[in-house]
Each structure stands twice: as structure tokens, then as C-alpha cells.
There are 2 protein chains.
Amino acid sequence: MGTLRYAILGLLNRRDMSGYDLTKEFETTLAEFWGAKHSQIYPELKALADEGLIAYQIEISGTVLEKKVYSITVRGRTALRTWAETQLKMKSVPKDEFRLQLYFSDCIPPRRRIALLEPQLEQHRALLDHLRENLAGLGQTPPEDEAAFSDYLVLLGGVMREESCCAWLERCIALCRERLEKQ
Amino acid sequence: MGTLRYAILGLLNRRDMSGYDLTKEFETTLAEFWGAKHSQIYPELKALADEGLIAYQIEISGTVLEKKVYSITVRGRTALRTWAETQLKMKSVPKDEFRLQLYFSDCIPPRRRIALLEPQLEQHRALLDHLRENLAGLGQTPPEDEAAFSDYLVLLGGVMREESCCAWLERCIALCRERLEKQ
DNA sequence: TTTAAACATGTCGTAATTGACATGTTTAAA
DNA sequence: TTTAAACATGTCAATTACGACATGTTTAAA
């Protein structure tokens, strides 16, 4: 689908940024639902610039270090809006290696299943805490501002997803323990 | 990571299957958390056989149609168990194009945001119904059998995830409507 | 002043995955 | 008997993505 380009266009639609800045955004703000390494971002920026969807100016940091500051063009904005209004099919495969592992965990001793579940729960709890902090940072009511409101909705989704995931893992652990005690 | 091979080994550990059967499994049972097309499965089967982790026998359907029925070998079982006991890092990026779209939905009119949310909710509700049926099919209490118990845990996770997702989408729609009315 | 972390931009080989191409058989219904 | 759906196995080109390689500057702390 070429989703990466729209992620970049979306970010540049909010503010001008360098490839380095974009990389940071993918590592922090977007990390929750999209990811890209700089090795993927730089070539995509080049392609986008070649197609005229973005443009850049060179800025000098210090005395010599060149920094390319990208901005979205009018054509870029049109492309972004077109994508943003497209009905997306729910991706049927949100690949989840842990669920796959749990699915086949019948081939390991029951105790080890618990040993797999517990660190997963810890990881998801840590993520949940982090997302809750971010959400709290946005205020207690949905923001008025359009961009902040979008952020709020997505963050809310992250919190709810992780709450549900933690609840599931806790339930799994409880069920596994009951089962162990019964036998 | 080469996860596909373990998905195949896991399936063959339950029963002998042809490439075609495996493809069907990926489309049905595993569809919830993993996916693979036949164009990926057939080459992987060849590699797995070359490495001695699986073996196959040729069966004839009808008069001429050759069918390769694969079975897991002792070495395959060892490889599967090793993977099945490995602590997995939570994949930090469960890529979700819809959340990305919603995140950047500040560039479209508020009404269209609702128009994006509603079909998503429909799709997730349909999936939830489907998963609930599957879960009901497994009985009302966690199964005794090891394999069925694993299936149960994963299915439970699918139902909880989709419940949470639907609740989120409903909340988003409600918040968007409130916002529209206020302005 | 040195030195480590952050800033900054790129390329390259490889692996994973998809969709299209390619071909043919068997089964069950019309 | 025809015909459509399901059975059955493969290849190939293109895309997406990652980790490693490669290089150098700037900033702030020790």
C-alpha cells in the first residue's frame, strides 16, 4: 500500500522536519502503531521529493553540518488528504508472535507456559503505564484542537488495547495456575 | 526471525498435512494471529524438508494427482520445543494503518472521521461475533486437553481484544458526535 | 580538554511477504 | 455431461523492512 509515505506526509503536514526528526517521531509518538527505521525513511524522503510531494531546504547546524529540512507541498497535502479519506479494510492479520507461541504451547510443560505469560504481562503493563502518562499529559477532557483531538482518540485506543491485553494475560495466568493445582 | 517455520512445525506437530491443508489452516484457525500465503508456504516446506525438520510421503488422490503429506521429524519437534520455550520480546510495532489514519485525521472534515470509524466498527463487530462463536464451540469451561486449552487461551484473547477494540471505536464515534454538536 | 551522547545522512545485502502467473486434477452439483 | 468449485503445487517479480556498514559533526558533561 505504501503506507510509510503517508505517515511521513502526515508528520510533515504538522510541522517541517529533517529525516532525523522524522526518525525520532517514529520512535516515540508513532511507535504505538507504526514504525520505520532511518534506513527506510531516507530513501522514501528522496522518492517523495522526486515526486514533488515534499520539498526541502538545507540548513547549517554549527559551521558545516548540513541538515535537510523537509516541508509538505500542495500536491503532498492533496495526496495526504486523499489517503486520509480512504476507507481502509481492517488488516486481517495483526501478526502476533506471542499468541502463536501460546497457541502451540501444548508442546511444553504447563509450568513453562506461565513462565512465558508473566514477562509478557510485565511488558504490557509497562507500556500501559507509559500510555496512561501520555494520555494524562493531554488533559482530562478531549482536547478542542483538531490535531490534539486525533492524538487523544488514538492514545485512548492504545490505553484500552493494553488494558484489555493485561486483563487477558492475568486471566491466562490465573487459569494456568488453577489447572496446575487441579492435577 | 523465521517465525513462519515454527507456525508450520506447530501445525504439523498436531497432525500430518499437505501444503494445501496448511494453507487452509493459515486462512482459518491461525488467521487471528498469523498469516501466510501458499506462495510462502511451499518454499518454506521445501527448506524445512531439506533441513530434515519435516519429511513427506506422496499420496495419490484419484488416479494421478500427487499430494505431499508432510509430517514433523524428531529434529523438527526439538526445534519447535526450543522456540516454544523462548522468551519473546513484545513486538513494539503492531502496525495498524487505521490508527495511523485516525492520528492524521485532523486534515479531513470532522464528519468524515465518523465515516471512517463506522465501517471499522462494523468489521470488528463481525470479527468479534465470529470469534465468540468459535469460543462457544470449545465449551463453556476451559478444556482439559492440553492442545484445546492452548486454543482456548488464544481465542479468549482474540475475543477480549476485539471487545476492547469495539468499545474504543464506539467511544470514538460518541466523542466525535458530541464534538460536532457542540460546534 | 577529552570524550560520550546526540545529531545527521546515507547505502547495501538480505529476509519476509504479496500478488500474479502458471498448470493441472478431482469432486459434486446442475 | 458439462461445469464450477475445491483440491493441489509450484515460480517469479516487486515491495517492504531490518540490521549492518559507513561517515562525519555538534554539544554538553566530566
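Order of the sequence lines fixes the chain letters, A, B, ..., with proteins taken first and strands second; residue numbering starts at 1 for each chain.
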- Looking across every strand, which nucleic acid part, if any, lies under 4.0 Å from A/Thr63 by heavy atom: base, sugar-phosphate, or nothing?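 If one applies the 4.0 Å heavy-atom cut-off, A/Thr63 turns out to touch the sugar-phosphate alone, with no base involved.
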- Task: Quick one: label A/Ser61 by what it contacts on the DNA or RNA (base, sugar-phosphate, nothing), any heavy atom closer than 4.0 Å.
- Result: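 Sugar-phosphate only.
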Give the rounded distance in Å between these two atoms: [atom1] of [X] and [atom2] of [N].
X: B/Lys24; N: D/dA8; atom1: NZ; atom2: C1'; value: 11 Å
X: B/Leu45; N: C/dA16; atom1: CG; atom2: P; value: 15 Å
X: B/Ile41; N: C/dG19; atom1: CD1; atom2: C1'; value: 14 Å
X: A/Arg5; N: D/dA17; atom1: CZ; atom2: P; value: 12 Å
X: A/Gln40; N: C/dG10; atom1: CD; atom2: P; value: 15 Å
X: A/Ile60; N: C/dC7; atom1: CD1; atom2: C1'; value: 14 Å

- Query: Does NZ or CZ of B/Arg5 lie under 6.0 Å from the centre of the six-membered ring of B/Trp83, at an angle within 45° of the ring axis?
  - Reply: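 Not satisfied by the 6.0 Å and 45° rule.
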- Task: May I ask you to verify whether the side chain of A/Ser39 and the base of D/dG19 hold a donor-acceptor pair under 3.5 Å?
- Result: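 Result: at least one qualifying N/O pair found.
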Using a cut-off of less than 4.0 Å, is there contact between a side-chain N or O of [X] and OP1 or OP2 of [N]?
X: A/Lys68; N: C/dA8; value: no
X: A/Lys67; N: C/dA8; value: yes
X: B/Lys46; N: D/dT9; value: no

- Task: Could you provide the dot-bracket string of DNA chain D, using ( ) for intrastrand pairs, [ ] for crossing pairs and | for bases paired to another strand, with Watson-Crick or G-U pairs below 3.5 Å?
- Result: ||||||||||||||||||||||||||||||
- Give a yes or no on whether a salt bridge exists between B/Glu146 and A/Arg179, defined as a side-chain N under 4.0 angstrom from a carboxylate O.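 The answer is yes: the pair qualifies as a salt bridge.
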- Message: On DNA chain D, does the nearest nucleotide to B/His38 precede the nearest nucleotide to A/Thr3 from the 5' side, or the other way round? Give the residue.
- Response: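 Of the two residues, B/His38 wins.
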